[in-house]
Undergrad: 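One structure follows; several queries about it will come next.
A note on names: the letters A, B, ... follow the listed sequences, proteins ahead of strands, and every chain is numbered from 1.
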2 protein chains.
Amino acid sequence: MRVWRVGELAEATGLTVRTLHHYDAIGLLRPSARTASGYRLYGEADIERLQRIRSLRALGLSLEEIRECLGRPGGSLAEVIGLHIGRLREEIEQKTRLLGRLERMAARLEADGGVSAEEFLETLEAMTMVEKYFTAEQLERIRQQGERVGSARIKEVEAEWPVLIAEVKAEMEKGTDPLSEPVLALARRWKGLVEEFTGGDHGIAAGVRELYRNEPAAREWAGFDPAVWEYIGRAMRALG
Amino acid sequence: MRVWRVGELAEATGLTVRTLHHYDAIGLLRPSARTASGYRLYGEADIERLQRIRSLRALGLSLEEIRECLGRPGGSLAEVIGLHIGRLREEIEQKTRLLGRLERMAARLEADGGVSAEEFLETLEAMTMVEKYFTAEQLERIRQQGERVGSARIKEVEAEWPVLIAEVKAEMEKGTDPLSEPVLALARRWKGLVEEFTGGDHGIAAGVRELYRNEPAAREWAGFDPAVWEYIGRAMRALG
DNA sequence: GCTAAACCCTGACGTTACGTGAGAGTCAAG
DNA sequence: CTTGACTCTCACGTAACGTCAGGGTTTAGC
């Protein structure tokens, strides 16, 4: 029956002496013997237990969970493993979403040439702000919609909005009746752009309205004018 | 110029008062003013900074990294983001591998009916042990090979090995010449099984030999007999 | 038998991003 | 003047060890 001292065991397993001390301290793996002078002595049973600990650790379980599994094996283990699988899935999913966002931002950062840190941070804030107003499904739909229409078309639309708003404003300032044909035509274009973005989803449209109501920064960015909004709103309602 | 007290700011942003205290303590976000009695007063510039902190935090950056980004913006930000993307990728990849392993184990645990915790832990140890003897690429190839032949065939092979070993042992004990046709036939079957597993990869075969050399547990599990090994080895060398 | 190197021991603090009190001061309303 | 809501500053706890510090133990070489 060979025995090992901490250093030997540490070297054999690739762990550190400190780690073995720690496992001892928290009662996860106590050496089955000590020398008269207090040196830890690990026996073969200890090594076996350490193997299991290492295996479970490699699965990402916490030391506490490992203690539970080894303490009362049986149902406990399967249960803990199931739980852990769930946690892992969720974590992976979340990090993957995050990575996607980061990569898209990095791509845009390079595509637009030297985007300044200022702009980057602003985009970042915009994304954070926007995400408060939509559910996860809505955000996903928005993303899919964006992919479907393509980035070229998105740039077109981004350029088209200020033009359209200016045209509406011009009609408004000329005093044109919002229910007249020229303004109704503008309203149809307006509605088309909105639906192209929302994919016809009422929830998304509602989120956008909320966003504009609560976020002055968003209104400023969009060149939002309450008078124009009210004016085109009347024409839109006439469209039904 | 409105100012906010901690509680107000906390409620407005969804953070906790403690978090704001913490950001103050580590110098990440110091309120730009205090009342005579020491109450923190956050101004609009503070809020803007907090927005950025939240955005970067949502990307998974550490507070230390955030401080760096906001401290000297410019190259630093892109650099940190790039680094973070790399870390995320690696982490996701690793966790995905882990999840795959766990799911396969869980599946086997259910497929084999009531697999005991004992067996589960043994499989786990085996996996941990085995992984020391192969590189990541080799493990990947082994996995692919396993998928290619299918679990049914694997079970067949697992059942075939002891039979084959027993036949070899019988010939050996009868004193048959290892270079005689019956033993050469057995050697061909042996070689076939090995190549089915290794996919003809010499590195993998070498890893298996190393494993058997160093791990008594593996030898025991496989019913490894040095005499049989030597006997069939001679026949195999005769095959070329 | 002696000494130096290598090994071991037990504290105890540091790490991350806060959570969770404790004890005490501040402020507005009734 | 009290009461309740709000704020302040400590200060300890979290997970899994890393990293000293200060002091015994064992072993190899002389």
Side-chain angles (χ1 to χ4, degrees), chain A residues 3-43 46 50 52-70 80 83-84 87-88 91 94-95, chain B residues 3-43 46 49-50 52-70 80 83-84 87-88 91 95:
Chain A
V3 293
W4 287 260
R5 293 192 308 189
V6 261
E8 297 170 331
L9 187 51
E11 181 159 20
T13 57
L15 299 173
T16 69
V17 171
R18 180 64 176 95
T19 297
L20 293 170
H21 280 178
H22 185 56
Y23 291 175
D24 186 4
I26 65 172
L28 181 59
L29 178 70
R30 329 209 86 128
S32 48
R34 294 262 190 158
T35 68
S37 54
Y39 282 25
R40 276 163 253 257
L41 292 178
Y42 294 86
D46 296 331
L50 183 54
R52 295 180 172 191
I53 292 172
R54 277 176 31 111
S55 302
L56 292 171
R57 195 81 247 279
L59 295 182
L61 298 186
S62 73
L63 299 184
E64 183 55 37
E65 289 168 319
I66 293 174
R67 200 210 322 264
E68 273 180 37
C69 288
L70 296 182
V80 170
L83 214 91
H84 191 57
R87 280 197 314 235
L88 260 181
E91 201 179 334
Q94 191 211 329
K95 301 225 163 167
Chain B
V3 294
W4 286 261
R5 293 189 310 186
V6 262
E8 297 170 331
L9 187 51
E11 181 160 21
T13 57
L15 299 174
T16 68
V17 171
R18 178 65 176 97
T19 297
L20 293 171
H21 279 180
H22 184 57
Y23 290 174
D24 185 5
I26 65 172
L28 181 59
L29 178 69
R30 330 209 84 128
S32 47
R34 294 262 190 159
T35 68
S37 54
Y39 282 26
R40 276 164 255 258
L41 293 179
Y42 294 87
D46 296 331
R49 185 174 171 92
L50 183 54
R52 293 176 175 197
I53 291 172
R54 278 176 31 109
S55 302
L56 292 172
R57 196 80 246 279
L59 294 182
L61 298 186
S62 73
L63 299 185
E64 183 55 36
E65 289 170 319
I66 293 175
R67 200 211 323 263
E68 273 180 39
C69 287
L70 296 183
V80 170
L83 213 90
H84 192 58
R87 280 199 313 235
L88 260 180
E91 202 178 334
K95 301 228 163 164

Undergrad: Looking only at the side chain of A/Arg34 (C-beta and beyond, no hydrogens), which of the listed nucleotides C/dT10, D/dC17, D/dT25 gets closest?
TA: C/dT10
Undergrad: Can you find a side chain N or O atom of B/Thr19 that sits less than 4.0 Å from OP1 or OP2 on C/dA17?
TA: no
Undergrad: Whole angstrom is fine here: how far is it from NE2 in B/His22 over to C1' in C/dT15?
TA: 12 Å
Undergrad: In whole angstrom, give the distance that lies between atom CG of B/Asp24 and atom C1' of C/dA17.
TA: 15 Å
Undergrad: With respect to the phosphate group of C/dC27, does any side-chain polar atom (N or O) of B/Ser37 fall under 4.0 Å of OP1 or OP2?
TA: yes
Undergrad: Under 4.0 Å between a side-chain N/O of B/His21 and OP1 or OP2 of C/dC18, yes or no?
TA: no
Undergrad: Any side-chain heavy atom of A/Val80 sitting closer than 4.5 Å to one from A/Ile66?
TA: no
Undergrad: What's the OH-C1' distance between B/Tyr42 and D/dC6, to the nearest Å?
TA: 14 Å
Undergrad: Can you measure B/Tyr39 atom OH to C/dA24 atom C1' for me and round it to whole angstrom units?
TA: 11 Å
Undergrad: For the side chain of B/Arg57, counting heavy atoms from C-beta on, which of C/dC18, C/dC9, D/dA16 is nearest?
TA: C/dC18
Undergrad: So what does B/Thr16 touch, heavy atoms closer than 4.0 Å: a base, only the sugar-phosphate, or nothing?
TA: sugar-phosphate
Undergrad: Is there a side-chain contact between A/Ser32 and A/Leu41, using heavy atoms and a 4.5 Å cut-off?
TA: no
Undergrad: Verify the contact: side-chain N or O of A/Tyr23 to OP1 or OP2 of D/dA16, cut-off strictly under 4.0 Å; return yes or no.
TA: no
Undergrad: For B/Leu9 and D/dC8, what is the distance between atoms CG and P respectively, to the nearest whole Å?
TA: 11 Å
Undergrad: Please report, rounded to the nearest Å, how far the P atom of C/dG14 is from the CD1 atom of B/Ile26.
TA: 17 Å
Undergrad: Quickly work out the A/Arg67 CZ to D/dA16 C1' distance and round it to whole Å.
TA: 13 Å
Undergrad: Expressed as a whole number of angstroms, how long is the span from B/Leu41:CG to C/dC27:P?
TA: 11 Å
Undergrad: I'd like to know whether B/Tyr23 forms a side chain to side chain contact (heavy atoms under 4.5 Å, CB included) with B/Leu63, so could you lay out the CA-CA distance, the side-chain angles of the two residues, the decisive distance to 0.1 Å, and finally the verdict.
TA: CA-CA 9 Å; B/Tyr23 290 174; B/Leu63 299 185; 3.7 Å; yes
Undergrad: Side-chain donor or acceptor of B/Arg5 under 3.5 Å from a matching atom on the base of D/dT7?
TA: no
Undergrad: State, with a plain yes or no, whether a side-chain heavy atom of A/Tyr42 is found less than 4.5 Å away from one of A/Leu20.
TA: yes
Undergrad: If the threshold is 4.0 Å, N to carboxylate O, is there a salt bridge linking B/Arg87 and B/Glu65?
TA: yes
Undergrad: Could you tell me whether the side chain of B/Arg40 has a donor or acceptor atom within less than 3.5 Å of a complementary atom in the base of D/dT7?
TA: no
Undergrad: With nearest nucleotides of DNA chain C determined for B/Leu63 and B/Arg18 from heavy-atom distances, which residue corresponds to the more 5′ nucleotide?
TA: B/Leu63
Undergrad: Using a heavy-atom cut-off of under 4.0 Å over every strand shown, decide if B/Thr35 touches base, sugar-phosphate, or nothing.
TA: nothing
